[in-house]
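Following: one structure in C-alpha cells, then a few remarks.
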Amino acid sequence: MKSSLALLAALGLLPIALAQTPSHTPPTPAAMAQHEVQRYTTLLTLTPAQVEQATTIFTTEATARQNSRASERAAHQAMEAAIKSNDTATIQSTATTMGQMAGEAMAAHALAQAQFYALLTTDQKTKFGELEKEHMMMGGPGRGPMR
C-alpha cells in the first residue's frame, strides 16, 4: 500500500518535473558546421586548410538554414490554419511558398556541396563519390554523404 501511494505521488509530480525541464536548445550553425567538418575530416582526411574552408562553407549553409526556419514554421502554421478552415486559396498559395522554400534549401545545400567538392583532391573526390553512392543506396536519392 505504501509503495502504491509513493508511486501515485511520484506520478503526480512527474508533469511538474517535466515542465521544469529545460527545452532542447538546437545547435548553433557553427556547431552544426563543426560536426559536419569533423565527419568529413575523418572520412576524407581533410588538411587543416580544407578544414578551415569547409568550416566557412558549412557555417554559411547552416546559418541560411537556421534563418529560414522561422519562415518555414510560419508557412506550416498558415497551412494548418488553412486546412482547418478549408481555405483552398491559402492552401494553394502556401503550398507554392513551401515548395519554393524547399527548393531554395536544396539549392543552398547543393551550392555548399559544390564549393566543398571543389576543395577536394582527386583521391578525396573519389572517396567522396564512393561515400555518396553508399549513402544514396541507404538513404535515398538527393542526399549527400552523412546527411
Side-chain angles (χ1 to χ4, degrees), residues 7 9-147:
L7 179 61
L11 290 175
L13 295 175
L14 184 62
I16 295 169
L18 291 175
Q20 294 177 356
T21 304
S23 63
H24 171 71
T25 303
T28 64
M32 289 187 286
Q34 181 182 13
H35 180 72
E36 188 162 7
V37 171
Q38 285 174 341
R39 286 185 307 201
Y40 282 131
T41 299
T42 300
L43 295 168
L44 302 172
T45 316
L46 300 180
T47 66
Q50 288 173 316
V51 167
E52 185 177 329
Q53 292 174 303
T55 299
T56 299
I57 291 165
F58 293 126
T59 300
T60 301
E61 178 195 5
T63 300
R65 274 189 286 148
Q66 184 180 53
N67 291 340
S68 68
R69 283 195 184 102
S71 297
E72 290 169 1
R73 274 192 297 275
H76 280 280
Q77 290 169 347
M79 181 64 83
E80 287 176 23
I83 290 168
K84 290 175 182 174
S85 65
N86 195 24
D87 182 349
T88 57
T90 301
I91 290 171
Q92 287 292 344
S93 66
T94 303
T96 299
T97 299
M98 292 170 76
Q100 183 166 355
M101 288 176 177
E104 289 169 0
M106 289 167 50
H109 176 67
L111 290 169
Q113 289 292 308
Q115 290 174 330
F116 176 68
Y117 188 79
L119 301 174
L120 302 178
T121 65
T122 303
D123 289 342
Q124 290 169 327
K125 287 177 182 180
T126 300
K127 179 66 175 171
F128 183 90
E130 291 168 4
L131 292 168
E132 190 173 51
K133 187 183 295 184
E134 286 174 22
H135 187 72
M136 289 179 84
M137 300 281 256
M138 293 175 10
R143 297 186 174 216
M146 305 301 288
R147 276 291 186 133

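Remark: E72 CD to N67 CG distance equals 11.0 Å, nearest 0.5 Å. For the atom pair CE of M101 and NE2 of H76, the computed distance is 8.5 Å after rounding to the nearest 0.5 Å. Once rounded to the nearest 0.5 Å, the distance linking CE of M32 with CD of E36 reads 9.5 Å. Note that NZ of K127 and OG1 of T121 are 12.5 Å apart. Values are rounded to the nearest 0.5 Å. With rounding to the nearest 0.5 angstrom, the CD atom of Q124 is 5.5 Å from the CG atom of L46. To the nearest 0.5 Å, atoms CD (Q34) and OG1 (T28) are separated by 8.5 Å.
Nearest heavy-atom pair across A78 and T90 is O-CG2, 4.4 Å. In terms of heavy atoms, A54 sits closest to L119 at N-CD1, 3.9 Å. Nearest approach of Q66 to P29, heavy atoms of both residues: OE1-CG, 3.1 Å. Pairing each heavy atom of Y117 with each of K125, the nearest pair is O-CE, 3.1 Å. The nearest pair of heavy atoms linking A112 to E61 is CB-OE1, 3.5 Å. Residues I91 and M79 share a closest heavy-atom pair of O-CE, 3.5 Å.
By the 30° and 60° cut-offs, the orientation of the rings of F58 relative to F116 is tilted.
For CD of E130, the number of neighbouring non-hydrogen atoms (other residues, nucleotides, ligands) closer than 6.0 Å is greater than 12. Heavy-atom contacts from other residues, nucleotides or ligands closer than 6.0 Å to CD of Q92 number 12 or fewer.
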Margin query: Show, in sequence, the C-alpha distance, side-chain angles and deciding distance for L44 and D123, and conclude whether the side-chain contact (heavy atoms from CB on, under 4.5 Å) test is met.
Written below: CA-CA 9 Å; L44 302 172; D123 289 342; over 6 Å; no
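Side chain of S68 to backbone of R65: a donor-acceptor contact under 3.5 angstrom is found.
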